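Worksheet for the structure shown next.
In the text below, chain A, chain B and the rest are named by the order of the sequence lines, each starting its count at 1. Note that the coordinates shown come from a computational prediction; the quantities given were computed from them, not determined experimentally.
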Number of protein chains: 2
Amino acid sequence: MLKAREQVSKATIRRIPLYYRAVQQLQQQGVSRIRSDKLSEIVHIPSATIRRDFSSFGELGKSGYGYEVTTLVDAFGKLLDVHSKEAIILVGVGGLGTALMQNNFRRNPDLNITMAFDTDPAKLGVVAGIPVYSFATLAAHLTPAMHTAILAVPSASQPAVIHALEAAGIDAILTFAPKPVACAPQTTIRYIDLTSELQSLLFTAHQKVGHGAIVR
Amino acid sequence: MLKAREQVSKATIRRIPLYYRAVQQLQQQGVSRIRSDKLSEIVHIPSATIRRDFSSFGELGKSGYGYEVTTLVDAFGKLLDVHSKEAIILVGVGGLGTALMQNNFRRNPDLNITMAFDTDPAKLGVVAGIPVYSFATLAAHLTPAMHTAILAVPSASQPAVIHALEAAGIDAILTFAPKPVACAPQTTIRYIDLTSELQSLLFTAHQKVGHGAIVR
DNA sequence: AAATGTTTGTTTGCCCGTTCACAAACAGCG
DNA sequence: CGCTGTTTGTGAACGGGCAAACAAACATTT
Ligand SMILES: NC(=O)c1ccc[n+]([C@@H]2O[C@H](COP(=O)([O-])OP(=O)(O)OC[C@H]3O[C@@H](n4cnc5c(N)ncnc54)[C@H](O)[C@@H]3O)[C@@H](O)[C@H]2O)c1
Ligand SMILES: NC(=O)c1ccc[n+]([C@@H]2O[C@H](COP(=O)([O-])OP(=O)(O)OC[C@H]3O[C@@H](n4cnc5c(N)ncnc54)[C@H](O)[C@@H]3O)[C@@H](O)[C@H]2O)c1
């Protein structure tokens, strides 16, 4: 059973999606049970860490046996709230935004970009089956059930866009523009900073004398 | 002066690009000196952390005065090896790959995608001024100076692609396909897992009762 | 030149996350 | 049913990074 809301560490939270993806794949392959050391080889995470992570959600496994795959799929699916579909909006239908719309997390039925917005009139219309509206009509198109936005706008536009999104009720934002923005207390922003990732990767790769590494 | 290669923590390394971007911007704005507490407001990193990070590269600042902006720009530029241009190759000219080529880190003159590869004959040619070659001709086009690759291929193709890249002398890889791959010891792989980022963002946003957060 | 005020670099303690290692719990089997 | 072998869940030790706080170092002012 799932534990009552205790305290799930941030590091663990970031690994849940990896676990979920792995056990889903196992289920599709017809594997019905899995041991922590075997799962470790698949996800490249130490088995001790896996067991500690899993135990923070309750007693999911059985000693001397392992974990029932369906138990894990159910548990993580519940945690990630897979069955209540997330209606995600996208702002900025440029190169990156278009790629995201075409892909649209198609492997994950719960994640769905349902509409997009742009200021450039040339971008309005339909892309990959998803409507693109004028950014000026943001408030008119949002429903109260929409909490989540992906941003692929230029850095310079970002503060104004975030401000408008917060006013429209969005409180979870994933953005590709690295400009730090002061946000409202209830808002969570995650930055994906591709340039920084590449630069720090190059730094570690150059600096490295010793052994190889997989960096997350 | 820059310290002899001591020990730079991984957490610090990930922040160098942020610092570099910030001080570059300050320089462009004509600001000639900056204090750690003022810089803190710009990059949203505590001033104590900033000073500790900076001090790991030597004594860059002056007490009772702050930091000379040009000193910082020089120091971080040297650290990130900004003046030796990195020739980066891209594999997988799909939606994401095309977006990366069009952008091509244009703000950073040192980062340059110089050629791309794909298996689909329809993708070959030139995109955004960058030649796209058949993936079968990878070895023929690479020069010994090329260490770095960005991957935007489907997860299923990834292991084979990484294997071929390693054989061709690539040892730093940034990839968007989340499938974990066992790599050679000298290779560094950084995964950008957009689906995981989004899912764990949703988890934290839902779980949150208290105050807002910026998550990196 | 001395006095004052400011800001750095670093020392210290703390917290979070990882890893080790083992007792307890269970499966499998005779 | 008892015995053996296996694997979990977790207490304990460890390590790394963060934040507070302060002495030393420098700028500035008188
Ligand atoms: N594509 C890359 O390789 C890459 C790499 C690093 C960082 N990024 C960052 O990702 C973001 C998007 O990149 P891109 O390549 O798609 O850029 P892009 O220029 O192709 O697209 C930006 C889009 O945002 C729209 N836009 C501008 N202001 C807007 C506003 N106020 N409201 C709504 N829409 C607005 C533009 O009309 C355009 O369609 C940028 O911040 C960029 O710095 C991209
Ligand atoms: N675009 C997104 O929103 C998004 C989101 C999450 C994850 N991803 C991941 O990023 C990666 C790329 O995404 P995309 O949307 O650009 O996919 P895409 O299907 O548009 O492009 C993939 C490209 O790789 C090429 N390719 C396939 N096998 C190859 C091989 N062996 N060697 C060289 N090239 C090969 C294909 O011809 C195609 O051009 C995928 O792994 C995807 O899972 C993308």
Side-chain angles (χ1 to χ4, degrees), chain A residues 1-4 6-16 18-19 23 26 31-69 71-72 75 200 203-204 207 210 213-216, chain B residues 1-4 6-16 18-19 23 26 31-69 71-72 75 200 203-204 207 210 213-216:
Chain A
M1 273 303 114
L2 291 186
K3 270 188 189 170
E6 253 189 44
Q7 174 78 327
V8 182
S9 87
K10 291 178 185 182
T12 301
I13 292 174
R14 279 200 304 271
R15 285 187 291 263
I16 299 176
L18 301 179
Y19 296 140
V23 296
L26 286 170
V31 179
S32 67
R33 70 191 220 191
I34 185 81
R35 299 185 317 249
S36 63
D37 62 339
K38 187 67 186 148
L39 186 57
S40 170
E41 292 171 18
I42 298 176
V43 294
H44 290 188
I45 291 171
S47 62
T49 303
I50 292 178
R51 290 199 300 279
R52 181 161 299 280
D53 282 346
F54 284 15
S55 76
S56 69
F57 304 117
E59 316 229 337
L60 268 45
K62 284 189 278 190
S63 301
Y65 179 90
Y67 299 88
E68 209 74 47
V69 171
T71 308
L72 296 179
S200 61
F203 186 94
T204 30
Q207 168 185 259
I214 293 183
V215 185
R216 287 197 182 269
Chain B
M1 271 304 113
L2 290 185
K3 269 187 190 169
E6 256 191 40
Q7 174 80 325
V8 183
S9 88
K10 290 178 185 183
T12 300
I13 291 174
R14 279 199 303 270
R15 285 187 292 263
I16 299 175
L18 301 179
Y19 296 141
V23 295
L26 286 170
V31 179
S32 66
R33 71 190 217 188
I34 184 82
R35 297 186 318 247
S36 62
D37 63 339
K38 187 65 186 150
L39 186 57
S40 170
E41 291 171 18
I42 298 176
V43 294
H44 289 187
I45 292 171
S47 63
T49 302
I50 292 178
R51 290 198 300 278
R52 221 171 104 279
D53 283 347
F54 285 13
S55 75
S56 70
F57 305 118
E59 315 230 336
L60 269 44
K62 284 191 278 189
S63 301
Y65 179 90
Y67 300 88
E68 209 74 48
V69 170
T71 308
L72 296 179
S200 60
F203 186 94
T204 30
Q207 172 185 253
I214 292 184
V215 185
R216 288 198 182 268

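- Remark: C1' of D:dT6 and NZ of A:Lys38 are 17 Å apart, rounded to the nearest angstrom.
- Taking every heavy atom of both residues into account, B:Ile13 and A:Thr204 meet most closely at CD1-CG2, 3.9 Å.
- Spacing between atom CD1 of A:Ile45 and atom P of C:dT19 amounts to 10 Å, rounded to whole angstrom units.
- B:Thr49 is linked by a side-chain hydrogen bond (donor to acceptor under 3.5 Å, both in side chains) to nothing, counting only residues two or more places apart in sequence or in another chain.
- Following rounding to the nearest Å, A:Asp53 (CG) and D:dT8 (P) show an atom-to-atom distance of 14 Å.
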Under 3.5 Å, which protein N or O atoms sit close to an N or O of nucleotides 13-17 of chain C? Give each pair with its distance.
residue: C:dG17; atom: OP1; partner: A:Lys10; partner atom: N; Å: 3.4

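- Under the side-chain hydrogen bond (donor to acceptor under 3.5 Å, both in side chains) criterion, B:Ser40 pairs with no residue, sequence neighbours left out.
- In this structure, A:Phe57 atom CZ and D:dT10 atom P are separated by 13 Å, rounded to whole Å.
- Legend: residues meeting salt bridge (Lys or Arg N to Asp or Glu O under 4.0 Å) with B:Arg35, ordered by chain and number and at least two apart, are B:Asp37.
- Rounded to a whole Å, the CD1 atom of B:Ile50 is 16 Å from the P atom of C:dT10.
- Checked against side-chain hydrogen bond (donor to acceptor under 3.5 Å, both in side chains), B:Ser47 has no partners two or more places apart in sequence or in another chain.
- In this structure, B:His44 places its NE2 atom 17 Å from P of D:dC18, rounding to the nearest Å.
- The list of salt bridge (charged side-chain N to carboxylate O under 4.0 Å, His left out) pairs with a residue in residues 41-56 of chain B, not counting sequence neighbours, reads B:Arg15-B:Asp53, B:Lys38-B:Glu41.
- In this structure, CG on A:Leu72 lies 10.0 Å from CD1 on A:Ile50, to the nearest 0.5 angstrom.
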Would you be so kind as to tabulate the donor-acceptor pairs closer than 3.5 Å made by side chains of residues 61-68 of chain B, with sequence neighbours excluded?
residue: B:Tyr65; atom: OH; partner: B:Glu68; partner atom: OE1; Å: 3.3

Please enumerate all protein N or O atoms sitting under 3.5 Å from an N or O of nucleotides 4-9 of chain C, with distances to 0.1 Å.
residue: C:dT7; atom: OP1; partner: B:Arg35; partner atom: NE; Å: 3.2
residue: C:dT7; atom: OP1; partner: B:Arg35; partner atom: NH1; Å: 3.2
residue: C:dT7; atom: O4'; partner: B:Gly64; partner atom: N; Å: 3.0
residue: C:dT7; atom: O2; partner: B:Gly64; partner atom: N; Å: 3.3
residue: C:dT8; atom: OP1; partner: B:Ser36; partner atom: N; Å: 2.8
residue: C:dT8; atom: OP2; partner: B:Ser36; partner atom: OG; Å: 2.7
residue: C:dG9; atom: OP1; partner: B:Leu60; partner atom: N; Å: 3.4
residue: C:dG9; atom: OP1; partner: B:Gly61; partner atom: N; Å: 3.0
residue: C:dG9; atom: OP1; partner: B:Gly61; partner atom: O; Å: 3.4
residue: C:dG9; atom: OP2; partner: B:Tyr67; partner atom: OH; Å: 2.6
residue: C:dG9; atom: N7; partner: B:Arg51; partner atom: NE; Å: 3.0
residue: C:dG9; atom: O6; partner: B:Arg51; partner atom: NH2; Å: 3.2

